[in-house]
Chemist: 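The structure's right below; bear with me while I get my questions together.
Computed from a predicted structure; not experimentally measured. Letters A, B, ... are given to chains in the order of the sequence lines, protein chains preceding strands, and every chain is numbered from 1.
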Amino acid sequence: MHPAPSVIIFTALSGLGFGMMVFLGLGYLNVVVLTAFVFVAMAYALAGGGLLSSLFHLGHPERFLKALTQWRSSWLSREGILSILTMGIFGIYAILWIFMDMRIELLGYIAALLSIWTIFSTSMIYAQMKSVPRWNSAMTPILFMLYAFAGGALLTTQVNIAGWMMAALAVAQIVAWLLGDGAFAKSGSDMGTATGLGGLGKVRLLEKPHSGTNYLMKEMVYVIGRKHALKLRIIALSTGMVIPAVLLLALPPGHMIGLLAILSHMLGLFTARWLFFAEAEHVVGLYYGQR
Amino acid sequence: MAKHNQPQLDTSPKVSDEIRHTTCYMCACRCGINVHLRDGKVAYIEGNKDHPVNKGVLCAKGSAGIMQHYAPSRLRAPLKRVGERGEGKFEEISWDEAFEIATGWLAPIREKNPEKLAFFTGRDQSQSMTGWWAQAFGTPNYAAHGGFCSVNMAAGGIYTMGGAFWEFGAPDWDHTKLFMIFGVAEDHDSNPIKMGLGKLKKRGAKVIGVNPIRSGYNAIADEWVGITPGTDGLFILSMIHELLKAGKVDLDYLIRYTNMSFLVNQDKNSDEHGLFIRDSDGKEQVWDRVKNAPAAWDAKDVKPAMQGAYMVNDIACTPAFMLLADKYMADEFTPDAVADRVGISAERIKSIAAELAQVAFGEQIVLDRPWTDFRGQKHDQMIGRPVSFHAMRGISAHSNGFQTARALHVLQILLGSVEVPGGFRFKPSYPKPVEAHPKPHHNVTPGQPLDGPHLGYPRGPEDLALDENGRPKRIDKAFTWENPLSAHGLMHMVISNAHAGDPYKIDTLFMYMANMSWNSSMNTSGVMDMLTDKDENGEYVIPHIIYSDAYSSEMVAFSDLIFPDTTYLERHDCISLLDRPICEPDALADSIRWPVVEPDRDVRGFQTALIQLGAKLGLPGMVNEDGSPKFKDYADYIVNHERRPGVGPLAGFRGKDGTGKGRGEPNPNQIQAYIDNGGFWLDHIPESASYFKPWNMDYQNWAVERGIYDNVQPFVFQVYQETLQKFRLAAEGKGDIQPPEHLREQVRASMDPLPTWWEPFEQALVNKDEFPHHALTQRPMAMYHSWGTQNAWLRQIHGHNPLYVPTDIWNANGFQDGDWALVTSHHGAITVPVALMEALNANTVWTWNAIGKRKGAWGLQDDAPESTKGFILNHLIHELLPAKDDGQRWANSDPITGQAAWFDLRVRIEKTDPPPDLHSIPDVAPQESPVGRGPKNVEYGKEWT
Amino acid sequence: MTSLPQSTEKKLGLVIDLDTCVGCHACVISCKEWNTSNYGAPLSDMDAYGANPVGTFLNRVHTFEVKQDDKPAQVTHFPKSCLHCEDAPCVTVCPTGASYKRVEDGIVLVNENNCIGCGLCAWACPYGAREMDAAEGVMKKCTLCVDRIYNENIPQEDRVPSCVRTCPAGARHFGDFADPQSNVSILSAERAGMDMMPEQGTKPVNKYLPPRPKSDITSDITPALTAQSAETGGFLGWIDRTLEKL
Ligand SMILES: Nc1nc2c(c(=O)[nH]1)N[C@H]1C(S)=C(S)[C@@H](COP(=O)(O)OP(=O)(O)OC[C@H]3O[C@@H](n4cnc5c(=O)[nH]c(N)nc54)[C@H](O)[C@@H]3O)O[C@H]1N2
Ligand SMILES: Nc1nc2c(c(=O)[nH]1)N[C@H]1C(S)=C(S)[C@@H](COP(=O)(O)OP(=O)(O)OC[C@H]3O[C@@H](n4cnc5c(=O)[nH]c(N)nc54)[C@H](O)[C@@H]3O)O[C@H]1N2
Ligand code: SF4
Ligand code: SF4
Ligand code: SF4
Ligand code: SF4
Ligand code: SF4
Ligand SMILES: [Mo]
């Protein structure tokens with residue numbers, strides 16, 4: 001799939017934002033009001049910013065409210081509603097906390113729960129795509145949540161939790177890659193089933209329907225070299241999880257270390273998310289001679 | 001559960017304000033179209049269900065007519081060249097000025113030496129009119145494009161059976177059970193062939209595709225024969241060998257309907273050796289095997305012998321059939337002898353021959369339709385042999401194409417499958433025996449019309465267009481010993497001959513609808529040089545070039561004066577029986593175009609411009625006594641011009657009352673009558689006349705009534721071709737019109753009265769190790785030559801073209817996707833992108849025809865893929881062959897008709913680095929665009945959505 | 001709304017005959033021509049006369065080559081438009097309800113007024129049957145010519161999709177698969193109509209008829225003809241015997 005910046009930013013940032021809300025909601029981080037304000041603002045900025053950037057890849061952003069109507073069937077719709085709801089509830093919780101210094105546990109738990117649900121539904125937008133075998137797996141929600149928790153913990157300075165989450169995430173990410181690499185083959189779709197001609201012999205594309213390109217090829221037939229992908233995976237794994245985990249668990253906590261861990265994790269997060277899209281092969285590629 | 005809620009749709013939206021019926025011209029197939037107009041704009045074009053040609057269907061080009069009609073490349077006004085030739089610098093001028101310039105050049109020519117005008121037309125469908133104009137002007141130098149197109153097919157058919165494949169006939173789609181298609185990618189009958197194949201598929205009838213490339217029609221064929229290019233003649237003659245030796249030929253049919261029983265002079269010393277034995281009043285003789293005596297071939301109850309040696313007036317003779325049998329039953333034609341050269345296993349050749357016999361004789365079909373033949377014999381049934389054939393340029397565009405086309409017709413005839421149910425059928429006004437066609441005319445009188453129609457079918461050396469010193473009279477050297485039967489002229493030789501001043505210099509080259517500086521010429525780069533070449537005085541070697549185009553093509557840039565034509569939706573046209581008719585085997589038909597939308601530019605239909613120019617030149621037939629113009633415009637001509645009394649361009653709705661069919665005085669309301677009838681006229685052939693046309697009296701009489709000919713003229717098929725033998729006799733030194741020495745052997749060898757095969761010339765001359773592969777082009781179904789490129793929709797399908805390479809060559813060169821190759825012929829080299837195709841003759845490479853364009857043409861941006869990556873093979877093909885041992889360079893064409901041998905091309909191919917800018921080579925310098933460039937984006941129909 | 005209907009009264013769709021399709025692209029352009037000025041936004045062509053023309057098409061024809069070892073390869077033209085699936089994933093993913101399947105005839109449509117152009121439905125379609133229009137920012141797809149097949153301004157016999165009406169080879173058939181007696185049901189039954197990518201679980205309505213076996217690939221051979229035997233006088237003897245009978 002075409003790794004569109006808007007979608008990468010959207011999923012990555014909103015993940016972090018709601019991840020923070022989980023921890024703030026669960027009552028972690030006992031700090032003075034002013035600091036609390038900074039963290040809350042940060043969570044909002046990330047979640048809100050992410051959602052905002054998601055509007056950029058719409059053909060008609062001005063109609064975005066319509067996207068809230070189909071919660072019965074559509075994960076994207078659910079994700080929209082939940083994120084708004086979450087930010088609302090968390091908002092009340094935050095206001096009471098910051099301005100009245102009342103931290104209502106129940107409200108926090110609800111906010112945290114909603115955040116998790118939001119992150120989950122974001123992940124399901126991709127996980128539900130049977131047409132993209134690499135995504136169509138339980139690993140997709142697991143990854144999205146772990147990324148959110150790890151990042152959220154880190155940004156809410158939960159050094160230990162963050163550290164262990166990073167380790168868990170590393171394992172999950174590796175498993176996801178390995179499973180993902182075999183997913184297309186396991187999906188059972190190939191040029192034979194795509195054309196119905198498989199029984200007659202080996203099928204190959206002779207001529208595209210047009211000599212130029214088209215929307216489908218631009219959007220869904222993105223090809224990246226194996227070598228290139230491997231390099232990026234190593235970068236993602238090391239900067240995104242290994243380095244932060246080591247920094248957090250092995251070294252004495254401190255602002256400098258924390259900042260380093262955050263920067264490193266962000267780099268890894270974006271690389272991994274770019275790969276999440278770039279490496280995902282859509283079965284429509286079969287009609288254009290891909291694999 | 002709650003009712004499934006969904007938006008309310010208006011499922012009956014308005015489609016259009018008005019539908020106008022006219023004829024498509026996105027190609028030469030001439031389908032009927034319904035043009036939907038909305039707010040005066042073309043909103044939708046669909047096929048006309050009532051139309052005989054397409055019965056409602058439409059091809060991709062036809063549906064893309066909107067984008068053609070509104071193409072940004074349309075010329076807007078007459079153009080006068082201001083820059084150098086080829087640059088594309090023009091100024092727009094008025095029609096008056098345009099006519100002034102033209103008459104300024106042409107009037108003096110006509111007074112002194114009319115032959116200094118060469119007038120040649122391309123995709124034209126008004127040859128009966130343009131030819132008439134040229135005749136009135138008095139130049140011998142007129143022809144259409146058939147010489148580089150498919151004259152082998154046309155002439156091979158006319159000389160054999162009075163009609164050809166091409167558009168002159170069609171398989172009996174409703175009855176045929178086995179259909180063989182040779183060398184066709186698309187053909188002129190684009191839609192009818194597809195509709196026909198659809199019918200066969202529906203009935204489960206078998207289709208055999210003979211073609212080096214398995215695409216399009218050949219892809220859906222039930223059996224593919226991936227023949228080696230240039231060898232179909234051998235393949236066919238070998239099948240004939242199989243059929244003869246097994247006695248699987250229709251002897252009764254041969255006796256009744258062919259000249260196979262005619263007695264042929266066998267006296268080697270006779271001046272008439274190889275000609276038919278004739279009685280005192282010139283009737284060909286047969287041997288009556290009952291009376292045991294010679295008799296006129298058409299004598300009542302004659303029982304002709306088909307074998308044996310006889311003496312008639314002391315001349316040894318034998319039935320032509322014996323000569324045929326002796327020739328083809330020889331060992332040189334056994335499947336095993338030919339298999340390697342044709343690239344088909346002997347087993348497969350035998351199998352196909354057997355299958356033909358099985359279906360032709362085992363599955364004959366019988367229609368209970370009584371009919372009467374020209375001998376007066378009544379038949380209560382029509383008996384058919386349901387095998388049919390079609391072929392086109394894969395056979396004809398070779399230097400052995402004429403004889404190969406003849407071979408295929410002979411195969412059909414031996415099987416008794418021509419003009420019978422389930423076989424091949426003619427479309428009236430065909431069949432027309434050679435005798436019913438004119439001979440070539442070429443006698444010039446300054447200031448006077450030519451002595452007759454330019455093009456025709458020579459009957460012998462006496463009909464050649466040679467002057468007293470034996471020098472060619474025509475600039476294209478048509479009807480000379482180099483190509484005696486060049487019935488369509490040789491448009492592809494005009495520019496090089498005119499440039500060389502051989503046989504003489506000309507003053508003005510006048511062309512219409514032919515992109516001669518690009519895809520329709522061989523040696524494209526060379527031709528561009530010839531068009532721009534100057535003499536010692538700095539004058540262009542070809543002094544004046546007038547050209548009519550509708551769009552900003554490559555040829556426009558090389559012209560001095562441009563007559564801008566309208567689009568096909570803006571003008572009157574007539575698809576006339578005097579021309580290439582649109583008839584169906586069961587019906588006579590012709591049609592018109594008319595301005596369904598008015599031009600928004602200062603353009604005129606070319607035929608109108610030509611008639612107006614003719615009037616200004618005072619050409620006979622175009623002016624009244626007082627010198628005033630006889631016709632206002634083409635529409636006026638279409639209605640009021642008469643070729644023969646009562647016979648004019650349109651056959652329908654003739655006579656004052658509009659009831660005349662074929663014959664009748666002009667009808668002032670004729671065009672409106674056509675419009676009211678859907679743009680065409682159709683007249684069904686009586687059932688009893690629908691088959692056996694050349695011999696069927698009901699058909700013959702009907703044809704005379706309709707003005708197809710003036711008296712009944714049944715004829716028999718010329719399987720044995722006497723005209724060819726006459727030329728051969730001359731080559732053998734007989735008669736007083738003799739070929740030049742250097743051509744004697746070629747004439748003798750090629751002018752065989754029975755179909756024969758020789759190795760394609762280029763292949764025979766070049767070193768086969770140096771140029772090991774065949775290189776071909778194919779018509780894309782969704783493109784028409786050069787002119788589909790300006791079409792925003794079609795160019796997305798074919799915006800650039802790879803060279804398709806078969807598996808072995810691909811692997812041998814270690815090609816990968818995205819690689820480029822250097823392709824070299826004896827004449828030149830090109831560097832182009834390659835792609836793998838496995839369903840391809842192992843020794844053949846190919847590409848789509850005419851996709852590559854010159855930068856700046858067609859209103860496209862300079863970086864359009866057509867002009868960067870896209871390429872044409874024409875740079876590799878030369879109009880002359882490589883030099884022979886004697887240093888002579890002969891024409892790269894068929895020695896009988898002069899047909900350009902496009903598909904004889906031999907090449908070498910090597911992997912090479914992609915050009916740095918990924919532009920294919922040669923990368924011809926841009927031309928300026930006299931019409932600017934197209935808009936960035938298109939959203940057609942937005943105002944209605 | 002984007003939940004799929006439990007069931008539809010009719011199942012309108014196409015049968016496409018891969019044995020007959022010559023790959024002429026007529027259906028492609030006829031579709032473009034009809035739809036650019038009818039249902040919904042026009043089908044734009046970006047950079048129409050430039051280096052990289054990219055237009056919106058609702059129907060496209062691919063060409064595939066199929067080969068078995070040591071056998072000649074064969075070529076199949078493959079037209080592809082929306083298959084109007086019964087379990088259409090493109091519908092359920094739509095957040096706005098713009099994408100829906102009609103309960104009366106099963107046609108899958110986009111209500112462009114509600115479409116935010118998120119592209120999710122195109123992702124969900126395994127077949128590449130949806131294209132986002134670059135100029136209009138809304139999702140375009142085959143409408144099964146819903147504005148033709150019921151259109152009272154069109155003669156009865158022409159109330160079929162534009163691509164079906166135009167197909168020169170007659171390789172496209174339109175009808176109701178819910179009716180076992182319909183032309184399409186019968187064709188698909190007789191010729192073993194196939195589903196594309198059945199494993200995707202979309203239950204396509206459109207069916208494809210497979211190419212018939214090719215005798216050069218199955219290596220069918222008709223036994224060679226036998227020559228007229230010498231005892232009976234060979235070829236000349238045959239001529240005499242035949243002439244006797246005439
Ligand atoms: N390599 C290779 N070359 C070939 C062939 C091949 O098979 N291989 N085929 C050959 C054959 S058979 C042919 S017939 C030629 C065809 O080649 P051409 O005869 O050149 O035909 P086109 O390029 O289609 O069109 C010629 C011109 O007609 C113009 N035109 C289009 N519509 C109109 C109109 O309404 N009015 C006027 N006045 N002009 C119009 C176009 O703009 C174009 O400039 O190509 C030949 N060239
Ligand atoms: N869509 C479309 N239709 C057209 C045209 C167009 O440009 N576009 N052009 C029109 C014109 S001007 C013409 S003349 C006709 C031409 O109609 P076609 O004759 O169909 O024209 P080509 O595309 O040259 O096809 C030649 C075919 O012969 C095959 N072939 C080449 N050499 C051999 C051989 O030695 N033996 C055999 N058996 N096959 C061989 C090639 O592979 C190719 O398939 O088409 C007309 N119709
Ligand atoms: S075949 Fe196509 S382009 Fe040619 S006349 Fe018919 S519809 Fe028009
Ligand atoms: S129009 Fe018919 S034959 Fe042509 S590509 Fe489409 S389906 Fe195939
Ligand atoms: S083909 Fe694609 S767009 Fe059409 S219904 Fe099926 S999934 Fe949806
Ligand atoms: S692009 Fe339009 S139709 Fe498709 S899912 Fe998004 S909103 Fe629905
Ligand atoms: S049914 Fe209509 S919209 Fe669908 S492909 Fe055919 S023409 Fe296009
Ligand atoms: Mo041609």
Side-chain angles (χ1 to χ4, degrees), chain A residues 1 54 57-64 66-80 125-126 128-132 187-189 191 193-210 212-220 282-288, chain C residues 1-3 18 25 28 52-57 60-68 71 73-76 78 80 89 91-98 114-120 122-128 131-134 136-139 194-201 208 210-211:
Chain A
M1 306 291 290
S54 75
H57 91 285
L58 296 185
H60 284 276
E62 78 281 2
R63 298 179 184 163
F64 82 96
K66 293 181 188 286
L68 307 181
T69 60
Q70 302 305 312
W71 51 271
R72 276 202 219 69
S73 52
S74 163
W75 281 108
L76 179 50
S77 199
R78 288 171 194 152
E79 194 260 0
I125 297 173
Y126 306 96
Q128 71 182 333
M129 294 285 168
K130 218 169 175 316
S131 53
V132 186
S187 75
S189 294
M191 290 186 77
T193 65
T195 59
L197 301 172
L200 295 175
K202 194 177 171 311
V203 183
R204 61 177 280 270
L205 182 74
L206 178 58
E207 207 172 20
K208 280 187 299 166
H210 41 74
T213 178
N214 68 13
Y215 165 78
L216 298 163
M217 295 176 71
K218 290 183 179 177
E219 182 80 1
M220 293 161 216
H282 195 291
V283 291
V284 77
L286 295 169
Y287 292 105
Y288 292 88
Chain C
M1 73 114 147
T2 60
S3 308
L18 299 181
H25 294 266
V28 174
N52 189 17
V54 180
T56 309
F57 287 78
R60 298 187 185 258
V61 178
H62 302 238
T63 307
F64 295 99
E65 216 170 29
V66 190
K67 188 160 186 341
Q68 308 167 27
K71 292 275 171 77
Q74 86 187 70
V75 171
T76 303
F78 190 90
K80 186 162 59 62
V91 167
T92 48
V93 298
C94 178
T96 64
N114 286 353
C115 175
I116 58 171
C118 66
L120 212 58
W123 286 12
C125 171
Y127 309 101
E131 298 189 14
M132 179 103 66
D133 187 81
E136 298 289 328
V138 293
M139 190 55 68
M194 313 182 282
D195 281 355
M196 292 303 124
M197 290 203 247
E199 69 281 0
Q200 285 281 328
Y208 285 77

Chemist: To check you understand the geometry: which heavy-atom pair defines the closest contact between C:P211 and A:L197, and what is its length?
Modeler: CD-CD2, 3.7 Å

Chemist: Please rank A:K130, A:M129, A:E207, A:R204 by heavy-atom pairs under 4.5 Å with chain C and give me the top one.
Modeler: A:R204

Chemist: Please say whether more than 12 non-hydrogen atoms of neighbouring residues, nucleotides or ligands are located less than 6.0 Å from OH in A:Y288.
Modeler: yes

Chemist: Sort C:V28 into side chain, backbone, both or neither according to what part of it lies under 4.5 angstrom from a heavy atom of chain A.
Modeler: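 The answer is neither part of C:V28.
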
Chemist: Pick one of side chain, backbone, both or neither for C:Y208, based on which atoms fall under 4.5 Å of a heavy atom in chain A.
Modeler: neither

Chemist: Highest number of heavy-atom pairs under 4.5 Å with chain A: which of C:C125, C:P53, C:G55?
Modeler: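 Of C:C125, C:P53, C:G55, C:C125 has the most heavy-atom pairs under 4.5 Å with chain A.
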
Chemist: Among the options A:T213, A:L206, A:V203, pick out the one with the most heavy-atom pairs lying under 4.5 Å from chain C.
Modeler: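 The residue among A:T213, A:L206, A:V203 with the greatest pair count is A:L206.
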
Chemist: What option among C:V75, C:L120, C:V138 has the most heavy-atom pairs under 4.5 Å with chain A?
Modeler: C:L120

Chemist: Rounded to the nearest 0.5 Å, what separates atom CD1 in C:I116 from atom CG in A:L76?
Modeler: 6.0 Å

Chemist: Looking only at non-hydrogen atoms, find the nearest pair between A:S74 and C:V93 and report the distance.
Modeler: OG-O, 2.9 Å

Chemist: Between A:S189 and C:M197, what is the shortest heavy-atom contact and its length?
Modeler: OG-SD, 3.8 Å

Chemist: Under 4.5 Å from any heavy atom of chain C, what part of A:S54 do you find: side chain, backbone, both or neither?
Modeler: neither

Chemist: Could you tell me whether a side-chain N or O of A:H282 sits under 3.5 Å from a main-chain N or O of C:W123, the two making a donor and an acceptor?
Modeler: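 Confirmed, A:H282 side chain pairs with C:W123 backbone.
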
Chemist: Quick check against the 3.5 Å criterion: does A:H60 have a side-chain atom that pairs as donor or acceptor with the backbone of C:E136?
Modeler: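 Flag set: sc A:H60 to bb C:E136 pair under 3.5 Å.
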
Chemist: Do the side chains of C:F64 and A:L205 get nearer than 4.5 Å, heavy atoms only?
Modeler: yes

Chemist: Taking C:M139, C:Q74, C:H25, C:K80 one by one, which has the highest count of heavy-atom pairs under 4.5 Å against chain A?
Modeler: C:K80

Chemist: Is A:L200 in contact with chain C via its backbone, its side chain, both, or neither, using a 4.5 Å heavy-atom distance?
Modeler: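 A:L200 touches chain C through backbone and side-chain heavy atoms alike.
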
Chemist: A:Q70 versus C:C94: any side-chain heavy-atom pair under 4.5 Å?
Modeler: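 The answer is no; the side chains never approach within 4.5 Å.
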
Chemist: Do A:T195 and C:T76 make a side-chain contact, defined as non-hydrogen atoms from C-beta onward lying under 4.5 Å apart?
Modeler: no

Chemist: Given heavy-atom pairs under 4.5 angstrom as the criterion, report whether the side chain, backbone, both or neither of C:M194 touches chain A.
Modeler: side chain

Chemist: Of the backbone (N, CA, C, O) and the side chain (C-beta and beyond), which part of A:Y287 lies under 4.5 Å from a heavy atom of chain C, both, or neither?
Modeler: both

Chemist: Can you tell me which portion of C:N114 sits under 4.5 Å from chain A's heavy atoms? Options are side chain, backbone, both or neither.
Modeler: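 Its backbone and side chain both get close to chain A.
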
Chemist: Could you state the interatomic distance from NZ (A:K208) to NE2 (C:H62), rounded to the nearest 0.5 Å?
Modeler: 10.5 Å

Chemist: Find out whether C:V54 and A:K218 are in side-chain contact, i.e. whether some heavy atom of one side chain is under 4.5 Å from a heavy atom of the other.
Modeler: yes

Chemist: What residue, out of C:R60, C:K71, C:M196, C:E131, has the most heavy-atom pairs lying under 4.5 Å from chain A?
Modeler: C:R60

